[in-house]
Undergrad: 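Next up is a structure, given as structure tokens.
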Amino acid sequence: MVFQYYPGCTLKTRAKELDRKARLCAEALGVQLEEIKDWQCCGGCYPVAKDEIATKLSAVRAMMAAKDAGTPVVTVCSACHNVLKRTNHDMQTDEVIRDRVNRYLKPDVPYAGEGEVLHFLEMLRDKVGFDTIREKVKNPLTGRKIGAYYGCLLLRPGKVMAFDDPENPSIMEDFITALGAEAVRYPYRNECCGAYLALEDQAITKKKSSAVLHSAKCAGAQEVITACPLCLYNLQKCGDDLPVVYFTELLFEALGLE
Amino acid sequence: MEQKNLKEEILRISGVNPRKCMKCGKCSGTCPSYEEMDFHPHQFVYMVESGDIEPLMASGSLYRCLTCFACVERCPRQVEPAKLIEAVRLTVIRQQGQNHLKPDQLPGMLDEDMPQQALVSAMRKFAK
Ligand code: SF4
Ligand code: SF4
């Protein structure tokens, strides 16, 4: 299986381990990730306003590369995923945005959202299959109680992201179970960590993130996983001692790649 | 901008129809930044609708929305309050000299673990 790959800026800098382990896990599962040439930063936040065009172009370019290559583009960072998917949805459904973007980029064939973007977790669920992963697990994580933290970006808006049920998701729990561990569901798994307010006011991000970890702990989680570098940062800095790691850490360990 | 034009501009760039709101308050009830805001999501909706926009433009609440989209997901009338807050914020920061965050403030806000994602997101939200 070959997919295009959009790492994004954080996976090239602070989250290098997330990038490295995602690639190694993919390889071990028979997936080849081809990094898109000359990709540009997605901007971290989807530009919500209808008249924002220039800020959507980097995401459109990545999606066009996927269309040209004829394979979906895979993202690991939740933020990149949110920006690419929502921008592509605009290209499919919003005539004005589609027209303006095409006038700006002038591709040989106008782009109308034909490219597909998959989060790494979606790739695991829909392309590789959790059953295949279960078979390839060498070190099952038996006995470990793990809470999945979804946050906002993977799930919302639910109709556009179409990732999972936005209020009662299960993909990360199914992932945890496939690795042999016990998935712990807790009420705050899809509430916000405080996001980019980490720059301006960490009192707020600490309050939001510790509420998430407290909720996970009360439900019996001994560790928490996330797919988002900013969630990881906020959860790790909030003062709670519950360990928080990227989901790829678990996969890497369970596949015996240490 | 004149009040009427301001309202039209905000409705145009947000794509929101505030008249759909039935004032149930669910958006504000679910908002993770509720306690940090002096105007709450449901107030943005009715104040834009009634043209009472200047107090919103002057409010720090614009910079406390996390774009988590909980209010959008959970609104029973598909009003999408977050898009309205975004549009009001843009009408402020698109004016000359009105950026909320300036690049030279950034070095003082960083530590060695801060992901790049936080910087680019905050700059996209708070500066033009
Ligand atoms: S949740 Fe929707 S309908 Fe209810 S007050 Fe908020 S915007 Fe209005
Ligand atoms: S998007 Fe903004 S206003 Fe809406 S719930 Fe989240 S923080 Fe509150």
Side-chain angles (χ1 to χ4, degrees), chain A residues 8-15 18 41-52 55 77-80 82-83 86 94 151-153 155-161 166-167 190-205 207-208 211 228-234 236-237, chain B residues 9-16 30-37 60 63-75 78 80-91 93-94 100-101 105-126 128:
Chain A
C9 59
T10 308
L11 273 74
K12 290 289 183 182
T13 46
R14 288 289 184 273
L18 178 57
C41 170
C42 71
C45 260
Y46 164 74
V48 175
K50 288 193 163 296
D51 63 347
E52 288 276 326
T55 41
C77 168
S78 309
C80 298
N82 191 281
V83 178
R86 290 173 79 178
D94 190 316
C152 317
L153 296 167
L155 298 170
R156 293 191 286 267
K159 284 206 184 76
V160 178
M161 297 308 291
E167 299 296 5
N190 63 343
E191 295 300 323
C192 185
C193 69
Y196 44 77
L197 284 188
L199 277 181
E200 268 194 289
D201 194 340
Q202 297 217 348
I204 300 177
T205 46
K207 196 157 80 181
K208 294 294 134 197
C228 175
L230 185 49
C231 294
L232 184 91
Y233 174 87
N234 283 334
Q236 284 184 339
K237 295 267 170 182
Chain B
E9 170 78 356
I10 287 167
L11 296 187
R12 187 181 64 81
I13 68 176
S14 66
V16 167
T30 199
C31 175
S33 258
Y34 182 88
E35 288 164 28
E36 323 297 334
M37 293 173 161
Y63 313 103
R64 288 296 173 265
C65 169
L66 303 161
T67 326
C68 73
F69 271 66
C71 58
V72 171
E73 196 66 50
R74 293 166 191 164
C75 168
Q78 288 84 46
E80 308 190 308
K83 295 189 177 176
L84 214 51
I85 298 174
E86 175 90 1
V88 177
R89 184 175 46 242
L90 286 173
T91 58
I93 63 174
R94 282 177 181 176
H100 174 69
L101 195 62
Q105 289 174 273
L106 289 177
M109 296 174 157
L110 303 183
D111 62 47
E112 57 183 18
D113 302 319
M114 179 79 74
Q116 281 63 25
Q117 179 196 351
L119 305 183
V120 292
S121 302
M123 286 306 283
R124 177 163 278 185
K125 284 292 172 189
F126 297 154
K128 268 295 156 195

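Naming: A, B, ... by sequence-line order, numbering from 1 per chain.
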Undergrad: Identify which part of B/Ala87 has an atom lying under 4.5 Å from any heavy atom of chain A, answering side chain, backbone, both or neither.
TA: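 Neither; nothing under 4.5 Å.
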Undergrad: Look up atom CG in A/Asn190 and atom SG in B/Cys68, then write down how far apart they are to the nearest 0.5 Å.
TA: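 Nearest 0.5 Å value for the CG-SG distance: 10.0 Å.
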Undergrad: Quick check on A/Leu153 against chain B: is it the side chain, the backbone, both or neither that has a heavy atom closer than 4.5 Å?
TA: side chain
Undergrad: Would you mind checking which part of A/Gln202 comes under 4.5 Å of any heavy atom in chain B, side chain (CB onward), backbone (N, CA, C, O), both or neither?
TA: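 Just its side chain gets close to chain B.
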Undergrad: Less than 4.5 Å apart, side chain to side chain, heavy atoms only: is that true for B/Lys128 and A/Thr55?
TA: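 Sidechains of A/Thr55 and B/Lys128: in contact.
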Undergrad: Need one label for B/Cys65: side chain, backbone, both or neither, based on atoms under 4.5 Å from any heavy atom in chain A.
TA: backbone
Undergrad: Look at A/Cys9, A/Gly194, A/Gly43 and state which one has the largest set of heavy-atom pairs under 4.5 Å with chain B.
TA: A/Gly43
Undergrad: At a 4.5 Å cut-off on heavy atoms, which part of A/Ala15 comes close to chain B: side chain, backbone, both, or neither?
TA: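 No part of it gets close to chain B.
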Undergrad: Please identify, among B/Arg12, B/Glu35, B/Arg94, B/Gln105, the residue contributing the most non-hydrogen atom pairs under 4.5 Å to chain A.
TA: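 Ranked by contacts with chain A, first place is B/Arg94.
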Undergrad: May I ask you to name which of A/Cys152, A/Cys228, A/Gly44, A/Cys45 has the most heavy-atom pairs under 4.5 Å with chain B?
TA: A/Cys45
Undergrad: Is A/Glu191 reaching over with its side chain to a backbone N or O of B/Pro32, donor-acceptor style, under 3.5 angstrom?
TA: no
Undergrad: Sort A/Pro157 into side chain, backbone, both or neither according to what part of it lies under 4.5 angstrom from a heavy atom of chain B.
TA: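 A/Pro157 touches chain B through backbone and side-chain heavy atoms alike.
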Undergrad: For residues B/Gln117 and A/Ala79, report the shortest heavy-atom separation together with the two atoms involved.
TA: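 Looking at all heavy atoms of both residues, the closest pair is NE2-CB, 3.3 Å.
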Undergrad: Would you call B/Thr67 and A/Arg156 a side-chain contact if the rule is heavy atoms closer than 4.5 Å?
TA: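 Sidechains of A/Arg156 and B/Thr67: no contact.
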Undergrad: A/Tyr196: which residues meet the ring pair (Phe, Tyr, Trp, His ring centres under 6.0 Å) condition with it, sequence neighbours left out?
TA: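 Listed in chain order: B/Phe126.
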Undergrad: At a heavy-atom separation under 4.5 Å, does B/Leu110 approach chain A through its side chain, its backbone, both, or neither?
TA: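 Looking at B/Leu110, just its side chain touches chain A.
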Undergrad: Heavy atoms only: give me the nearest A/Leu199-B/Ala118 pair and the separation to one decimal.
TA: CD1-O, 3.8 Å
Undergrad: A/Lys12 versus chain B, heavy atoms under 4.5 Å apart: side chain, backbone, both or neither?
TA: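 Neither; nothing under 4.5 Å.
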Undergrad: Using non-hydrogen atoms and a 4.5 Å limit, figure out which bit of A/Asp201 sits close to chain B: side chain, backbone, both or neither.
TA: side chain
Undergrad: Determine the option with the most heavy-atom pairs under 4.5 angstrom with chain A, choosing from B/Lys125, B/Glu86, B/Glu73.
TA: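 Option with the top pair count is B/Glu73.
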Undergrad: May I ask you to check whether over 12 heavy atoms, not counting those of A/Lys50, lie within 6.0 Å of atom NZ?
TA: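 Check fails, neighbour count at 12 or below.
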Undergrad: Any carboxylate oxygen within less than 4.0 angstrom of a Lys/Arg side-chain nitrogen, looking at A/Glu52 and B/Arg124?
TA: no
Undergrad: Side chains of A/Ile204 and B/Arg64: does their closest heavy-atom pair fall under 4.5 Å?
TA: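 A/Ile204 vs B/Arg64: side chains touch.
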Undergrad: Could you tell me if the side chain of A/Val48 sits less than 4.5 Å from the side chain of B/Phe69, heavy atoms only?
TA: yes
Undergrad: Which residues pass the salt bridge (Lys or Arg N to Asp or Glu O under 4.0 Å) test with B/Glu80, sequence neighbours left out?
TA: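 Listed in chain order: B/Lys83.
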Undergrad: Please classify the contact of A/Cys42 with chain B as side chain, backbone, both or neither, using a heavy-atom distance under 4.5 Å.
TA: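 Answer is backbone: N, CA, C or O of A/Cys42 sit under 4.5 Å from chain B.
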Undergrad: Using only heavy-atom distances, determine whether the side chains of B/Asp111 and A/Tyr233 contain a donor-acceptor pair under 3.5 Å.
TA: yes
Undergrad: Checking B/Leu90 against chain A: side chain, backbone, both or neither under 4.5 Å from a heavy atom?
TA: side chain
Undergrad: Is there a donor-acceptor pair under 3.5 Å between the side chain of A/Arg14 and the backbone N or O of B/Met114?
TA: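 Answer holds: yes.
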